[in-house]
2 protein chains.
Amino acid sequence: MARGSETKRRIMDVAQESILAKGFDATSIEEIVASAEITKSGFFYHFPDKNALAHALIERHIEVEDALFDDLFDRARALTDDPLQVMLVGLKLLAELIADMPGRHPGCIVATAVYQDRLFNPDVRDANRRAVMGWRARFRAMIDDILASYPMHDVVDPDDLADLVNTIIEGGLVMGRALDDPGITPRQILLLRSYLKLQFSPRVS
Amino acid sequence: MARGSETKRRIMDVAQESILAKGFDATSIEEIVASAEITKSGFFYHFPDKNALAHALIERHIEVEDALFDDLFDRARALTDDPLQVMLVGLKLLAELIADMPGRHPGCIVATAVYQDRLFNPDVRDANRRAVMGWRARFRAMIDDILASYPMHDVVDPDDLADLVNTIIEGGLVMGRALDDPGITPRQILLLRSYLKLQFSPRVS
DNA sequence: CCAAAAACCGGACTCGCGGTACAGTAAGCG
DNA sequence: CGCTTACTGTACCGCGAGTCCGGTTTTTGG
């Protein structure tokens with residue numbers, strides 16, 4: 001059992017590295033099995049097809065990202081009790097974390113899947129959808145916390161506001177890749193922070 | 001001369017339709033030539049390879065989008081002289097325009113190219129980069145106009161602010177595709193509008 | 001009107017990649 | 001001891017991108 005899952009993990013590791021560097025379809029199975037030092041048959045023992053690999057990678061990615069967000073906002077909550085400050089500090093930490101990533105940021109696997117629609121089967125798309133919905137729920141809860149203490153100056157839908165976090169992260173990654181500038185995403189996140197500040201901070205006039 | 005460019009345009013039309021519906025790699029050349037009612041040789045007469053087709057499509061797409069933005073903000077400028085109002089009205093019009101698009105919004109070709117690195121050659125990536133830089137310049141100019149008349153309440157970099165427009169559009173399209181909800185992009189654009197309102201509107205307190 | 005260039009047609013062929021099929025084997029475990 | 005798990009090795013199929021090249025029609029400039 002241990003040996004099997006170890007190999008499977010190694011396949012996923014080398015596949016992920018290659019996919020983030022070159023794209024999904026540019027990463028051939030032959031190449032993966034060479035890097036993972038197994039045979040093609042070995043690959044198809046663990047994954048029925050290439051789709052299943054993508055599915056497993058997305059599922060794993062969701063878990064990692066969730067854990068990352070949990071940790072991030074837990075650290076923010078350790079610093080302050082105020083829900084608005086938790087959000088603002090959390091976003092600051094997130095921006096710093098992305099900025100400090102060595103080399104080019106990989107770019108979200110979710111987005112790569114979105115833009116290869118027909119390449120992936122419904123399973124993959126569904127996993128994707130669940131991931132996005134999960135993030136919406138997470139940020140929606142935080143916004144509800146803020147709304148309990150602060151008025152919204154320019155009233156908008158809280159769900160849309162929750163989605164804005166994802167929108168800006170995904171959009172930032174697209175922009176960052178298009179311009180080959182890893183600094184864009186963190187700076188765009190800070191603009192989101194600026195927006196939330198203007199929306200909820202008491203006005204000192 | 002007329003016949004040649006006519007055929008080329010027909011190839012691009014059917015290719016674009018198919019690509020927006022099914023994705024780039026899911027659209028085979030055989031399929032394109034069948035729809036365009038030519039032969040494979042005919043295709044390769046006009047385009048050296050599939051990459052060149054993508055390149056031509058992106059170039060054309062940039063022009064169309066530029067013309068669209070020109071028209072949009074010209075209409076806004078016809079309604080008001082105030083630079084802030086021009087921006088706010090323009091974004092409103094943009095949101096409505098995207099919302100009124102029949103069926104699923106195609107999703108920006110720029111983003112699809114970004115997430116298929118190796119599939120496209122440097123030419124394509126460069127065209128992409130130029131497109132994004134052009135949009136940044138466009139919105140940067142509008143923001144400079146606003147800054148000439150209004151103070152920025154929470155001071156941020158104007159270039160970042162200009163990029164935010166693209167970030168939110170691209171991110172919105174990713175989200176819209178992930179959740180299969182074409183309403184997301186327009187709603188996210190309205191949040192951008194909300195942000196700019198809070199940033200620049202005089203506070204009545 | 002005629003020649004040359006441009007815009008194709010037809011079909012055969014190569015190559016890489018995803019995926020299949022199936023026989024065999026080494027290691028662990030009850 | 002026998003069964004399962006986790007593979008290896010090899011041969012094979014189909015599809016789509018891209019090549020080659022000879023032939024044909026259509027357009028255009030002198």
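In this text the structure is predicted, and so the values were computed from the model without any measurement. Numbers restart at 1 for each chain; the letters A, B, ... are given by sequence-line order, proteins then strands.
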Atom-to-atom span, [atom1] of [X] to [atom2] of [N] - whole angstrom:
{"X": "B/I11", "N": "C/dA7", "atom1": "CD1", "atom2": "C1'", "answer": "11 Å"}
{"X": "B/E30", "N": "C/dC13", "atom1": "CD", "atom2": "P", "answer": "16 Å"}
{"X": "B/D25", "N": "C/dG18", "atom1": "CG", "atom2": "P", "answer": "12 Å"}
{"X": "A/F24", "N": "C/dC17", "atom1": "CZ", "atom2": "P", "answer": "14 Å"}

**Message:** Less than 3.5 Å apart, any donor N or O on the side chain of B/Y45 or B/T7 sitting next to an acceptor on the other?
**Reply:**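 Not at all, the side chains of B/Y45 and B/T7 share no donor-acceptor pair under 3.5 Å.
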
**Message:** Less than 3.5 Å apart, any donor N or O on the side chain of B/D82 or B/Y150 sitting next to an acceptor on the other?
**Reply:**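 Short answer, yes.
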
**Asked** Considering all heavy atoms of both residues, which atom of A/L198 and which atom of A/H153 are nearest to each other, and what is their separation?
**Response**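 Smallest interatomic distance, heavy atoms only, reads O-ND1, 3.0 Å.
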
**Message:** Check the phosphate of D/dA6 against A/H46, side-chain N and O only, distance under 4.0 Å to OP1 or OP2. Yes or no?
**Reply:**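 So the side chain of A/H46 is outside the cut-off, no N or O lying under 4.0 Å from OP1 or OP2 of D/dA6.
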
**Prompt:** Under 4.0 Å: is that the gap between some side-chain N or O of A/T7 and OP1 or OP2 of D/dC7?
**Reply:**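 Result: yes.
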
**Request:** Check whether any side-chain heavy atom of A/F139 lies under 4.5 Å from a side-chain heavy atom of A/D144, and answer yes or no.
**Result:**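 Side-chain contact under 4.5 Å: no.
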
**Prompt:** Of A/I189, A/L93, A/I184, which is the lone residue that meets side-chain contact (heavy atoms from CB on, under 4.5 Å) with A/I98?
**Reply:**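 Passing option: A/I189.
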
**Nucleic acid contacts of residues 32-45 of chain B, taken as heavy-atom distances under 4.0 Å to DNA chain D** =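 Hits under 4.0 Å, by residue number: B/K40, B/F44.
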
**Asked** Does B/F200 have any ring pair (Phe, Tyr, Trp, His ring centres under 6.0 Å) partners at least two apart in sequence or in another chain, and if so, which?
**Response**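 Once residues adjacent in sequence are excluded, B/F200 has no partner under the ring pair (Phe, Tyr, Trp, His ring centres under 6.0 Å) criterion.
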
**Request:** Among D/dC7, D/dA17, C/dG19, find the nucleotide with the atom closest to the side chain of A/K50.
**Result:**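 Side chain of A/K50 sits closest to C/dG19.
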
